[in-house]
Protein chains: 2
Amino acid sequence: MTTPSFPVSAIVAAQRPHRKDAARNFDALLAAAREAFAENGADASLEDIARRAGVGIGTLYRNFPTRRALFESVYADEVDALCQAAVEVADREPWEALTAWLDRFAGYMVTKRAVREALEGESEILGACRDSMYAAGGPLFERAQQAGEARPDMDFGDLLRMVAGISATQFSDDEQRDRVLAIALDGVRTRR
Amino acid sequence: MTTPSFPVSAIVAAQRPHRKDAARNFDALLAAAREAFAENGADASLEDIARRAGVGIGTLYRNFPTRRALFESVYADEVDALCQAAVEVADREPWEALTAWLDRFAGYMVTKRAVREALEGESEILGACRDSMYAAGGPLFERAQQAGEARPDMDFGDLLRMVAGISATQFSDDEQRDRVLAIALDGVRTRR
DNA sequence: ACTCTAACGGAGGCACCCCTCCGGTTCAAC
DNA sequence: GTTGAACCGGAGGGGTGCCTCCGTTAGAGT
């Protein structure tokens, strides 16, 4: 949005320890945390995460002094992937590109309900994630607007929250989720 | 939906104790629980609820043996109010009646995020709540469909989840929430 | 091979929550 | 007014989570 976008996961990579065993533990912790956050939401037990990683609780705290620090690290590269997806989609027709990216975005939200909370939180890296996301998806939306495909009386933030809200909801099955999302996106599309 | 609708709060009223002090505590507990659930979601601390009600934890457990029992009782009359609103709105134009009711529904979702979870849970009274809600709102939607105002390729369950999802999301302000909701509902409306 | 420093793991103190149980209290019926 | 049944409050035992601290271990540089 305002900030230039760059791979937020680089910030995390910089914190990866140099020693071999330490690096291994660092990775195991991230993997375990990713699992745990997906299963139990953002307030998963830290002790459980250490257990899953086969690591002492002390090691967890040494690498990630706060729950938030761990949380941020976990999602940095998911956000990167999302940004990457925006690039891959850029050469399609405006509306098609936008919806393709939003589908991808929605796909994340289903399992990673925690990402959603991150969209609001205030912090160095989480802010960078949000900025990256806006920088990646925003232009897709604006292009659709300029092509006259998306309604002009809303902004990208509106759209993102709409999609986030819908995809975070529990549906009876994936079909229902897709159906509802498509209907809502119909409301975003310009009438002709 | 399938079950006939009747005031679910009557089920709760039947469990209110007869003795004066007991009845007072029962009411205080419900009020405290309503507050706590609104603030902290469905997993608010039971001990905190008892504290707020100025009552021992034992009293809470005597009246509501499980967290779920308390939870159900709290929301029964909110659901009743929602059903009542459907009646009040029934004499307006089909589309206008539907959106008016959905606005009311959305209003609940903002604060009472717990109601949303109730929409899925399985249990005697929670099931009755869901049925009541469908019985109240469903006809409004079908009327709009028959009037050619709402698209025919979706059902009331789709609509409810869409609105629930959007309103449960955190927005920067109420205006944004209303704006996004209106856009999504535009997708529900038949094109002309 | 040796060292010494960075990293390890988990015990332990604290806080919170759940739920049961029981001695004391209060209502209401007679 | 008396009385007994219904109701009360909260102490207490068990569980889980958070975070710190420190004796032990193992990698990296020489």
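Each chain gets a letter, A, B and so on, in the order its sequence line appears, and its residues count up from 1.
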> Please state how far atom CZ in B/R67 lies from atom P in C/dT20, giving the value in whole angstrom units.
14 Å
> Measure distances between side-chain N and O atoms of B/R19 and base N and O atoms of D/dA6, and say whether any donor-acceptor pair falls under 3.5 Å.
yes
> Hey, are B/T59 and B/N25 close enough side-chain-wise for a donor-acceptor pair under 3.5 Å?
no
> Test your reading of the model: is there a side-chain donor-acceptor pair from B/R143 to the backbone of B/A90, 3.5 Å cut-off?
yes
> Does any N or O donor sit under 3.5 Å from an N or O acceptor when you compare the side chain of B/E47 with the base of C/dC16?
no
> Relative to the 5' end of DNA chain D, which residue comes earlier, A/H18 or A/G58, by the nucleotide with the nearest heavy atom?
A/G58
> May I have the distance from A/L29 (atom CG) to C/dA7 (atom C1'), rounded to whole angstrom?
13 Å
> What is the separation between atom CZ on A/R51 and atom P on C/dC8, rounded to the nearest whole Å?
18 Å
> Of the nucleotides D/dC8, C/dC27, C/dT20, which one has an atom closest to the side chain of B/R24?
C/dC27
> CZ of B/R62 versus P of C/dC21: gap in Å, rounded?
13 Å
> Between D/dT24 atom P and A/D21 atom CG, what is the distance in whole Å?
19 Å
> Which whole-number value in Å describes the distance from A/I57 CD1 to C/dG10 C1'?
10 Å
> Any chance you could lay out the salt bridge (charged side-chain N to carboxylate O under 4.0 Å, His left out) test for B/D43 and B/R67, step after step, and finish with the verdict?
CA-CA 9 Å; B/D43 50 358; B/R67 151 180 255 103; 6.0 Å; no
> Whole angstroms only, please: what is the CG-P distance between B/D48 and C/dC17?
7 Å
> Give B/N25 one of three labels, base, sugar-phosphate or nothing, depending on what nucleic acid heavy atoms sit under 4.0 Å from its own.
sugar-phosphate
> Tell me: CG of A/L70 to C1' of D/dC18, nearest whole Å?
14 Å
